[in-house]
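A short write-up of the structure that comes next.
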Amino acid sequence: MEKTKAKAVMEAVLFTMGESVEIHRLADLIGEDLRTTKKILREMAEEYAGEGRGIALMQFEDAVQLSTKPEYYEYLIQIAKTPRKVTLTDTVMETLAIVAYKQPVTKIEIEKVRGVSCEYAINKLLEYDLIQELGRLDAPGRPLLFGTTEQFLRSFGVESIEDLPEMNPVQLEEFKQQAEAEIQLKLDI
């Protein structure tokens, strides 16, 4: 592999990994021996050390990692401390409500209530740390059980799931009718 491409490949891997990677793995990746790979990494480190670069190539015994240069930490901290505003779509909120009120609950149970696949919504809720895996149901296939997290409680200003508002029976009936209508629409298509 030509040197420019080898540098780009290693840079991409190190950036994406966000942690140290063994030099021998990088050597295998670019198809070079250890000595050549170390030489290329030294060149990269020199390039990053130059003025106007915000990252550095750190070496630890037999591994390397990309990191922020210490003089730029204050800027990184300003961004990292800024809370990320999460906007939940209706689909994700519906899924979260089902988990909150029926926990522990399986994906199949959530899909029965919603009438549609909820893979995306569950993944988003896991990513936002609003739900978590609680274990597996002792049933065929051993499906995962989901429940809410402490982050969920903090986000919604409740101390425990017992503090969640009770479902209004009229609203509950409306939800059921909407879900049945959605299912019927899908069956008609």
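All figures in this text were calculated on a predicted structure; none of them were measured in a lab.
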task: Evaluate side-chain contact (heavy atoms from CB on, under 4.5 Å) for Phe152 paired with Asp129, printing each intermediate quantity in order.
output: CA-CA 7 Å; Phe152 165 81; Asp129 192 31; over 6 Å; no
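- Side chain of Lys69 to main chain of Arg53: a donor-acceptor pair is present (N/O by atom type, distance under 3.5 Å, no hydrogens or angles).
- Here the straight-line distance linking atom CD of Gln65 with atom CG of Leu14 works out to 8.5 Å at 0.5 Å rounding.
- Listed by first and then second residue, the side chain to side chain donor-acceptor pair (under 3.5 Å) pairs involving residues 130-157 are Gln103-Thr148, Gln151-Arg154, Gln151-Ser155 (not counting sequence neighbours).
- Taking CG of Leu125 as the start and CG of Leu88 as the end, the distance is 7.0 Å to the nearest 0.5 Å.
- In this structure, Phe156 is a member of the same hydrophobic cluster as Ile161, with clusters built from ILVMFWY side-chain heavy atoms closer than 4.5 Å.
- The cluster map of Ile, Leu, Val, Met, Phe, Trp and Tyr, joined by side-chain heavy atoms under 4.5 Å apart, puts Phe15 and Ile55 in the same cluster.
- The side-chain hydrogen bond (donor to acceptor under 3.5 Å, both in side chains) check on Gln59 picks up nothing, with sequence neighbours excluded.
- Between the Thr36 side chain and the Glu32 main chain, no donor and acceptor come within less than 3.5 Å of each other.
- Distance check: Asn123 CG to Glu119 CD gives 5.0 Å after rounding to the nearest 0.5 Å.
- Within 6.0 Å of OH on Tyr120 lie no more than 12 heavy atoms contributed by other residues, nucleotides or ligands.
- Residues satisfying the side-chain hydrogen bond (donor to acceptor under 3.5 Å, both in side chains) test with Glu162, not counting sequence neighbours, are Ser160.
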- request: Test Lys5 against Glu2 for salt bridge (charged side-chain N to carboxylate O under 4.0 Å, His left out), laying out the working first.
  value: CA-CA 6 Å; Lys5 184 172 182 181; Glu2 66 130 334; over 6 Å; no
From CA spacing to verdict: salt bridge (charged side-chain N to carboxylate O under 4.0 Å, His left out), Glu109, Lys102: CA-CA 9 Å; Glu109 292 171 315; Lys102 296 182 80 58; over 6 Å; no
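- Side-chain heavy atoms closer than 4.5 Å link hydrophobic residues (I, L, V, M, F, W, Y) into clusters, and following such links, even through other members, never connects Met58 to Tyr73.
- The one candidate from Val105, Leu145, Leu144 that meets the side chain to side chain contact (heavy atoms under 4.5 Å, CB included) condition with Leu137 is Leu145.
- By the 4.5 Å heavy-atom criterion applied to side chains, Thr91 and Arg114 are counted as neighbours.
- Residues meeting the ring-ring contact (aromatic ring centres under 6.0 Å, His included) test with Tyr48, sequence neighbours left out: none.
- Glu111 places a side-chain N or O within 3.5 Å of a backbone atom of Cys118 that can act as its donor or acceptor partner.
- Leu34 is connected to Met44 through a chain of hydrophobic side-chain contacts under 4.5 Å among Ile, Leu, Val, Met, Phe, Trp and Tyr, so both are in one cluster.
- A pairwise comparison of heavy atoms in Phe60 and Ser20 identifies CD1-CB, 4.1 Å as the closest pair.
- One finds the CG atom of Leu29 at 13.5 Å from the CD1 atom of Ile23 (value rounded to the nearest 0.5 Å).
- Here Lys7 pairs with Glu43, Glu47 under the side-chain hydrogen bond (donor to acceptor under 3.5 Å, both in side chains) rule; sequence neighbours left out.
- Counting heavy atoms from C-beta on, the side chains of Thr37 and Met10 come closer than 4.5 Å.
- Other residues, nucleotides and ligands contribute over 12 non-hydrogen atoms within 6.0 Å of the CD atom of Gln78.
- Counted within 6.0 Å of CG on Asp90, heavy atoms from surrounding residues, nucleotides or ligands total 12 or fewer; the atom is thus considered open.
- Smallest separation of non-hydrogen atoms from Ile131 and Leu126: O-CD2, 3.5 Å.
- Residues Met1 and Leu41 fall within the same hydrophobic cluster, defined by Ile, Leu, Val, Met, Phe, Trp and Tyr side chains chained together at heavy-atom separations under 4.5 Å.
- At least one side-chain heavy atom of Ile30 sits under 4.5 Å from a side-chain heavy atom of Ile40.
- Summarising the local packing, CD of Glu61 is surrounded by 12 or fewer heavy atoms from other residues, nucleotides or ligands at distances under 6.0 Å.
- Separating the CD1 atom in Ile77 from the OG1 atom in Thr68 is a distance of 10.0 Å, to the nearest 0.5 Å.
- Taking CZ of Phe146 as the start and CG of Leu130 as the end, the distance is 13.5 Å to the nearest 0.5 Å.
- A salt bridge links Glu127 to Lys124: at least one charged side-chain nitrogen sits closer than 4.0 Å to a carboxylate oxygen.
- Looking at residues two or more places apart in sequence or on another chain, you find a side-chain contact (heavy atoms from CB on, under 4.5 Å) between Ile108 and Thr106, Lys112.
- When every heavy atom of Pro143 is checked against every heavy atom of Ala139, the shortest pair comes out as CD-O, 4.2 Å.
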